[in-house]
Amino acid sequence: MIPESLAALVEETRGQRRAHWAGREVWLANEAWGQLAVSLQGAQVLHYRPAGDESEGWLWVTPTPQELPGAIRGGIPLCWPWFADENTADESTDRSGPMHGPARKADWRLDAVDEHEEGVELHLSPVERLHGQLVPRAVIQANARRLHVELITEHLGETPVKITGALHTYLAVEDAFACRVEGLAGASYLDKLADFAERDQQGELGVRGGLDRIYRSNAELVLDDGSRRLRVARQSSDSAVIWHPGDAPPADTSVEAARRFLCVESANTRIDPVWMVPGAQHLLGTTLSREDDA
């Protein structure tokens, strides 16, 4: 589910092109394998719909996006080099950097578009340096069977840095409070709505209201919203973040619109932070596919 204005731009596209939407430059594809929209603010995937899929798409974007320099809520924002308030990589003197780090609001350049008969692969990097020692890049792969996003960090400095991060995926659903997330039964989790109390998941997770949880799990998950079952595989992530704001959504989203998404995130959090040493690389990834295609 994406705003009508963005959906119209995608539908009008033949092949690939660049356009402007909500004040941002976006890269669009509408080809035989499916549709893809990526914002160059934040290297953020906004839309993906594979060929033959009868839905409006697999990702949700708020119908009322913030004006620049604000970030777009929805799609797959890149939270880097920290997630939430786990800002150990923040280089500001008082660690007062932006929520989720600078990457999601930064301008990124499209370095390469590799095309093939079955799909496309995009390579992106920030226009300006975002950290004194760390350099990120993003890889986005899309075809008729799956969407895969990688956030790669390279340490070019001289001292170790502890990072966290997330691919903050907003999945489009029929009704968030009727969803079921399979694969977390028996996993322990930190409940952020209860001051990070540690609890165990009893059975599969049924979403019945607002929640903000960090699960200790690297398992492949399945999101069932009653009409579609999506597999969510994660790479180099032992934290599965499940989030929905309930009936108190952020200011840029109405209660009604918020009922149409559920965040199922590939992340590195306080549970599994990554110590980057000089010369090291780290890849955080997420892969979305239909259950019958996996």
Side-chain angles (χ1 to χ4, degrees), residues 1-66 68 70-79 104-105 108 110 113 115 118-124 138-151 166-174 176 223 225 227-228 230-232 252-253 257-266 285-290 293:
M1 176 184 178
I2 59 176
E4 291 183 2
S5 55
L6 178 57
L9 283 178
V10 176
E11 291 294 339
E12 293 166 2
T13 300
R14 296 294 177 266
Q16 303 171 9
R17 66 168 173 146
R18 295 194 188 208
H20 283 86
W21 175 76
R24 285 92 170 166
E25 185 175 10
V26 293
W27 182 91
L28 307 172
N30 187 2
E31 302 191 287
W33 54 262
Q35 299 178 344
L36 183 68
V38 178
S39 170
L40 297 188
Q41 182 205 34
Q44 183 174 347
V45 180
L46 300 176
H47 172 67
Y48 168 69
R49 183 171 71 182
D53 190 278
E54 297 181 357
S55 72
E56 297 178 17
W58 292 10
L59 302 174
W60 174 95
V61 172
T62 181
T64 52
Q66 298 183 68
L68 290 172
I72 296 174
R73 183 172 304 283
I76 307 181
L78 307 184
C79 302
R104 68 192 184 114
K105 292 185 179 181
W108 290 59
L110 185 58
V113 178
E115 300 180 64
E118 296 181 353
V120 69
E121 178 174 296
L122 309 182
H123 295 255
L124 303 101
V139 178
I140 300 166
Q141 300 170 342
N143 58 38
R145 296 173 60 88
R146 67 170 195 161
L147 172 67
H148 176 72
V149 179
E150 297 176 355
L151 178 56
L167 300 171
H168 200 316
T169 308
Y170 289 74
L171 295 173
V173 298
E174 290 292 329
L223 170 62
D225 75 345
S227 62
R228 175 170 59 201
L230 286 182
R231 288 190 178 273
V232 182
D252 59 1
T253 302
R259 288 287 290 265
R260 298 297 304 276
F261 79 77
L262 181 67
C263 285
V264 182
E265 308 172 33
S266 175
T286 193
T287 306
L288 307 179
S289 62
R290 287 179 290 237
D293 284 343

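Between R290 and R228 there is no side-chain heavy-atom pair separated by less than 4.5 Å. Residues L230 and V264 fail the side-chain proximity criterion, which asks for heavy atoms closer than 4.5 Å. Residues V120 and W27 have side chains in contact (heavy-atom distance under 4.5 Å, counting atoms from C-beta outward). In this structure, R145 and P50 have side chains that are not in contact, with every pair of non-hydrogen atoms separated by 4.5 Å or more.
Checking side-chain atoms of R260 against main-chain N and O of V173 turns up a donor-acceptor pair under 3.5 Å. Between the Q41 side chain and the G70 main chain, a donor and an acceptor come within less than 3.5 Å of each other. Looking at S39, its side chain never comes within 3.5 Å of a backbone N or O of Q44 through a donor-acceptor pair. Checking side-chain atoms of Y48 against main-chain N and O of H148 turns up no donor-acceptor pair under 3.5 Å. Not a single donor-acceptor pair under 3.5 Å links the side chain of N143 to the backbone N or O of E118. Within the 3.5 Å criterion, the main-chain N or O of L167 finds a donor-acceptor partner in the side chain of T169. When atom types are taken as modelled, the side chain of H123 and the backbone of A138 share no donor-acceptor pair closer than 3.5 angstrom.
Here the closest heavy-atom approach between residue L28 and residue A19 is recorded as CD1-CB, 4.0 Å. Heavy atoms only, all atoms of each residue included: V61 and G75 are closest at CG2-N, 3.8 Å. The nearest pair of heavy atoms linking A172 to G57 is CB-O, 3.8 Å. The shortest heavy-atom contact between R104 and A71 is NH1-CB, 3.7 Å. Here the closest non-hydrogen pair linking T62 and D252 is OG1-O, 2.8 Å. Across R24 and A22, no two heavy atoms sit closer than the pair NH1-O, 2.8 Å.
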Between L9 and R17, does the side chain to side chain contact (heavy atoms under 4.5 Å, CB included) criterion hold? Intermediate values first, please. CA-CA 10 Å; L9 283 178; R17 66 168 173 146; 3.7 Å; yes
Test log, rule side chain to side chain contact (heavy atoms under 4.5 Å, CB included), inputs L288 and L59: CA-CA 10 Å; L288 307 179; L59 302 174; 4.1 Å; yes
Run the side chain to side chain contact (heavy atoms under 4.5 Å, CB included) test on M1 and F261 for me, step by step, so that the C-alpha distance in whole Å, both residues' side-chain angles and the decisive distance to 0.1 Å come before the verdict. CA-CA 9 Å; M1 176 184 178; F261 79 77; over 6 Å; no
What's the verdict on side chain to side chain contact (heavy atoms under 4.5 Å, CB included) for E115 and E31, showing C-alpha distance, side-chain angles and the deciding distance? CA-CA 11 Å; E115 300 180 64; E31 302 191 287; 4.2 Å; yes
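The side-chain contact (heavy atoms from CB on, under 4.5 Å) test with L122 is passed by exactly one of V45, V139, L36, V149: L36. Checking each of L46, L147, V38 against I76 for a side-chain contact (heavy atoms from CB on, under 4.5 Å) leaves exactly one that passes, namely L147.
Atom CD of Q16 has more than 12 neighbouring heavy atoms from other residues, nucleotides or ligands inside a 6.0 Å radius.
A distance of 11.0 Å separates OG of S227 from CD of E54, quoted to the nearest 0.5 Å. One distance of note links CD of E4 with CD of E56; it measures 8.5 Å at 0.5 Å rounding. Taking CD of E174 as the start and CG of L262 as the end, the distance is 13.5 Å to the nearest 0.5 Å. Here the CD1-CD distance, from I140 to E150, works out to 10.5 Å after rounding to the nearest 0.5 Å. Rounded to the nearest 0.5 angstrom, T287 OG1 and R231 CZ are separated by 12.0 Å.
Under a 4.0 Å N-O distance rule, the pair R49/E11 qualifies as a salt bridge.
Y170 and W60 have parallel rings, their planes meeting at less than 30° on a 0 to 90° scale where 60° marks the start of perpendicular.
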